[in-house]
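Step one of this worksheet: look at the structure below.
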Number of protein chains: 2
Amino acid sequence: MDKEQLKENFAKALKQEKLKRTPQRFAILEELVSSDEHRECTDIYFALRNQGISVSRATVYRTMDMLVKYDFARRLDIGDGIARYESKVGVSHHDHLICLECGKIIEFLNRDIEVLQQSICNDFDFDMTRHTHQIFGVCPDCKSK
Amino acid sequence: MDKEQLKENFAKALKQEKLKRTPQRFAILEELVSSDEHRECTDIYFALRNQGISVSRATVYRTMDMLVKYDFARRLDIGDGIARYESKVGVSHHDHLICLECGKIIEFLNRDIEVLQQSICNDFDFDMTRHTHQIFGVCPDCKSK
DNA sequence: TATATTTATGAGACTCAATCTCACAATAAA
DNA sequence: TTTATTGTGAGATTGAGTCTCATAAATATA
Ligand SMILES: [Mn+2]
Ligand SMILES: [Mn+2]
Ligand SMILES: [Zn+2]
Ligand SMILES: [Zn+2]
């Protein structure tokens, strides 16, 4: 999806939510989507500020919620009390290996696990809306140090 | 494991950490272990207070950390900013289905997933120390309402 | 385009789980 | 016991996230 198409899709979502098209909202979307990192709100906030874009923390937090609701972003909670967000634009589902030493986040996808997971839900008559599968440990780089 | 054996094991762990045997520490362990719920620190704190046991929030938080370190407890982060703890005493590993409507937590274990998970770690040369596999959705009770 | 109406923004106050402080209390070694 | 050491607890502090509300900006209307 190119940048213009993305903006249009975002504009549609804003319209659906009866939200106005503001430079801040577009800047936050673009900042998130143009990186493949797992970003904290404070990080997005400073990145935009450093680009000379006027934005507040409140606006970043409010916008991230909306981006998650409309599937432009995915929220990641790794248990340290800081929410991280990653772009879902052009990104397929995956789960995470998280290094306890350096904080690096490695992505993985295992289709067999995804299938087994769904069958568990069926067994329990449970309707899955989302899932997180996080493996914590020590990454290769940190092991060799 | 009977209660006396547990207390002895806990005493050993305290010794190993060069920590003293205090009534508060034993009370916190017993309160957690005698329930099969996923408990918040504040919940443990009030439960003990209501039993007339003198304890502070700080002591509960400090002791939970130690219980996790020595494998008497497991910490659960479901993304709402509140840490929950469950007993690991006589409890085998499992993961969780979490209802977004009522907050109910259902436990599951799938050995195939556990094996696949380990093979992913091998592929990435990643040393797993722990993992969390959480499935969020709507439980049968909430669906039928 | 000009004006009216509605909604968004942002600085800072506020919330709340968790952590820290430190005077005092309790424990365990000698 | 005595004494050194560690723990406890009330309240202060921290920090991510939320809320407030006066002002600014976006869109609807003329
Ligand atoms: Mn990712
Ligand atoms: Mn459990
Ligand atoms: Zn690492
Ligand atoms: Zn439910």
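Per chain, numbering begins at 1; letters A, B, ... match sequence-line order.
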Does Asp95(B) come within less than 4.0 Å of Arg74(B), counting only side-chain N to carboxylate O? yes
Separation of dA17(C) P from Arg57(B) CZ (nearest whole Å): 8 Å
Is any side-chain heavy atom of Arg39(B) less than 4.5 Å from a side-chain heavy atom of Met64(B)? no
Side-chain N or O of Arg84(A) versus OP1/OP2 of dA16(D): is the shortest distance under 4.0 Å? no
Side-chain N or O of Tyr61(B) closer than 4.0 Å to phosphate OP1/OP2 of dA18(C): yes
Residues within residues 18-36 of chain B bordering DNA chain D, heavy-atom distance below 4.0 Å: Leu19(B), Lys20(B), Thr22(B), Gln24(B), Arg25(B)
Is any side-chain nitrogen or oxygen of Ser54(B) closer than 4.0 Å to OP1 or OP2 of dG9(D)? yes
Nearest to side-chain heavy atoms of Arg62(A), which nucleotide of dT20(D), dA10(D), dT18(D): dT20(D)
With heavy-atom distances below 4.5 Å as the criterion, would you say the side chains of Ile120(A) and Met128(A) are in contact? no
What's the OH-P distance between Tyr45(A) and dT18(D), to the nearest Å? 16 Å
Integer-rounded Å distance: dT18(D) C1' and Asp80(B) CG: 15 Å
Leu14(B) CG - dT6(D) C1' separation (whole Å): 12 Å
Which nucleotide in the list dG17(D), dT9(C), dG9(D) gets nearest to the side chain of Thr59(A)? dT9(C)
Would you please test His133(A) and Gln117(A) for side chain to side chain donor-acceptor pair (under 3.5 Å) and show each step? CA-CA 10 Å; His133(A) 190 173; Gln117(A) 184 177 240; 5.6 Å; no
Quick check on side-chain contact (heavy atoms from CB on, under 4.5 Å): which of Glu40(A), Glu37(A), Arg75(A) does Tyr85(A) satisfy it with? Arg75(A)
What is the distance from CG of Asp65(B) to P of dA17(C), rounded to the nearest Å? 17 Å
Using five pairs at either end of the helix from dT1(C)-dA30(D) to dA30(C)-dT1(D), determine the angle between the two local helix axes and round it to 10 degrees. 30°
Checking Gln51(A) side chain against Ala47(A) main chain: does a donor-acceptor pair fall under 3.5 Å? yes
Residue whose nearest DNA chain C nucleotide is more 5′ - Ile53(A) or Cys41(B): Ile53(A)
Kindly compute the distance separating CG (Leu116(A)) from SG (Cys121(A)), expressed to the nearest 0.5 Å. 11.0 Å
Parallel, tilted or perpendicular: rings of His38(B) and His94(B) (30°, 60°): perpendicular
Distance in angstrom units between Glu40(A) CD and dA16(D) P, rounded: 8 Å
Check whether any side-chain heavy atom of Met66(B) lies under 4.5 Å from a side-chain heavy atom of Phe10(B), and answer yes or no. yes
Protein-nucleotide distance (Lys15(B), atom NZ; dA29(C), atom C1'), rounded to Å: 11 Å
Tell me: CD1 of Ile82(A) to P of dT14(D), nearest whole Å? 17 Å
